[in-house]
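Take a look at the structure set out below.
The sequence lines fix the lettering, A, B, ..., with proteins before strands; numbering per chain opens at 1.
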Amino acid sequence: MPELPEVETVARMIRPSLVGRTITSCSVTWKRTLGGSEIAAFRRNVVGARVVSVERRAKYIVIALERARASCGALVCHLRMTGRMHVERADWDPGKFAKVRLDLDSGRAFHFIDVRKFGRVEFTREPHELLAELGPEPLGADFTDEWFSTALRARRRVLKSLLLDQAFLAGLGNIYVDESLHRARLHPLQLSDRMTREQAAVLRREIRAVLSEAIAREGSSFDAFYRTPEGNPGSFQDQFQVYGRTAEPCRSCATPIRRLVVGQRGTHVCPQCQPAPRRRRSSAQG
DNA sequence: AGCTACTCCTGGTAGC
DNA sequence: TGCTACCAGGAGTAGC
């Protein structure tokens with residue numbers, strides 16, 4: 001589903017047609033997409049505002065707005081599972097899953113389309129408050145070996161669950177966690193406080209590599225859902241080592257990929273490349 | 001502190 | 001063909 005590389009791709013593609021544009025009108029066909037605000041209030045907040053910037057933070061797209069050259073808030077958007085964004089000519093038909101439409105002074109219109117209705121396009125005056133709980137960006141300068149190693153060992157968490165925790169590290173989802181762990185030859189059930197500094201450094205390197213490669217390929221598309229704002233699929237799914245490859249041979253050692261469930265998430269491992277952590281009694285720890 | 005279960009949603013698919 | 005049942009999952013929340 002859309003994770004950091006897909007969200008980054010969407011942000012890059014919609015940015016040129018949004019920045020500098022003024023929102024002239026809007027329509028909303030699913031109120032919950034707005035995340036709690038009334039449609040009338042949303043309309044008052046966005047119509048007449050001008051887009052200053054389009055940035056990605058974790059899996060959020062933040063569309064900053066201004067009025068009379070003064071900041072007036074932002075649209076904080078999340079694609080969740082099936083959200084899509086398009087900026088198209090005014091007569092373009094967004095289809096039956098359209099949720100939010102923002103008409104622009106360019107004559108084009110921004111569309112938020114979402115089959116499963118989990119996605120959000122939320123207006124807030126203080127976007128930083130909404131995003132305050134997020135951990136560091138995996139591709140950012142704050143994500144250092146030193147920080148990662150210390151932070152992993154300061155907690156006693158199942159490794160995969162911790163990497164999915166957006167308050168710990170912001171931007172990874174199910175796919176890229178599975179891929180990163182395989183590349184780092186780490187098992188998803190490994191406990192975070194048992195990680196060596198060397199293992200942490202390898203994992204950090206592989207997380208950054210897999211995300212960078214996926215961004216270069218405009219993300220991953222393997223079902224009907226994720227498409228770039230230009231309507232094209234990404235191509236990183238061709239590079240998957242484990243995700244969605246249950247029972248298929250590992251590309252490194254030919255052992256069949258195994259599927260397990262970790263924290264209610266489908267999880268894919270190579271039992272040979274990613275040996276299971278040694279089980280031990282909790283009372284046996286000194 | 002960290003875990004599980006549940007919620008929100010619907011298209012796709014397996015089984016009959 | 002058409003039905004039912006179940007699966008996928010990001011994030012928030014409740015409860016242990």
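Listed nucleotides B/dG11, B/dC3, C/dA8 differ in distance to A/Phe97; the shortest reach to its side chain belongs to B/dG11. Of the candidate nucleotides C/dA8, C/dA11, B/dG2, C/dA8 has the atom lying nearest to any side-chain atom of A/Arg116. Closest to the side chain of A/Lys59, out of C/dA11, B/dC3, B/dC9, is C/dA11.
Between A/Gln166 and C/dG10 there is no side-chain N or O to OP1 or OP2 distance below 4.0 Å. When the side-chain nitrogen and oxygen atoms of A/Tyr176 are compared with OP1 and OP2 of C/dG10, none of them lie within a distance under 4.0 Å. Within the 4.0 Å cut-off from OP1 or OP2 of B/dA1, not a single side-chain nitrogen or oxygen of A/Arg156 is found. Contact annotation: A/His78 side-chain N/O to C/dA11 OP1/OP2 distance is under 4.0 Å. Considering only side-chain N and O atoms, A/Lys117 lies under 4.0 angstrom from the phosphate OP1 or OP2 of B/dT10. A/Arg32 has a side-chain polar atom (N or O) that falls below the 4.0 Å cut-off from OP1 or OP2 of B/dC9.
Between A/Trp147 and A/Phe168, the ring planes are tilted. Angles from 30° to 60° get that label. The aromatic rings of A/Phe143 and A/Phe148 sit perpendicular, their planes meeting at an angle over 60°, well past the 30° parallel limit.
A/Tyr226 and A/Glu3 share no donor-acceptor pair across their side chains, judged by distance under 3.5 Å alone.
The side-chain ring of A/Phe118 is not stacked on the base of C/dA11, judged by centre separation under 5.5 angstrom and plane angle under 30 degrees.
Taking only distance into account, the side chain of A/Arg265 meets the base of C/dG10 through a donor-acceptor pair shorter than 3.5 Å.
The CD atom of A/Glu3 sits 6 Å away from the P atom of C/dG10 (whole-angstrom rounding). Between the CG atom of A/Leu4 and the C1' atom of C/dA11 there is a distance of 16 Å, given to the nearest Å. We find that OH of A/Tyr243 is positioned 7 Å from P of C/dG10, with the value rounded to whole Å. Remark: C1' of B/dC8 and NZ of A/Lys31 are 16 Å apart, rounded to the nearest angstrom. The CZ atom of A/Arg120 sits 10 Å away from the C1' atom of C/dG12 (whole-angstrom rounding). The distance from atom CZ of A/Arg227 to atom C1' of B/dG11 is 14 Å, rounded to the nearest whole Å. What separates CG of A/Asn174 from C1' of C/dC7 is a distance of 13 Å, to the nearest Å. Rounded to an integer number of Å, the gap from A/Asp114 CG to C/dG9 P is 16 Å.
Nucleic acid contact class of A/Arg157 (heavy atoms, under 4.0 Å, all strands): sugar-phosphate only.
Under the 4.0 Å criterion applied to side-chain N and carboxylate O atoms, A/Arg157 and A/Asp165 are assigned as salt-bridge partners. For the pair A/Glu179 and A/Arg183, the salt-bridge criterion is not met [side-chain N within less than 4.0 Å of a carboxylate O].
A ring-centre distance under 6.0 Å is not found for A/Trp30 and A/Phe118.
Two residues, A/Val115 and A/Ala154, neighbour DNA chain B, and the one matched to the more 5' nucleotide by heavy-atom proximity is A/Ala154. Between A/Ser192 and A/Gln264, it is A/Ser192 whose nearest contact on DNA chain B lies nearer the 5' terminus.
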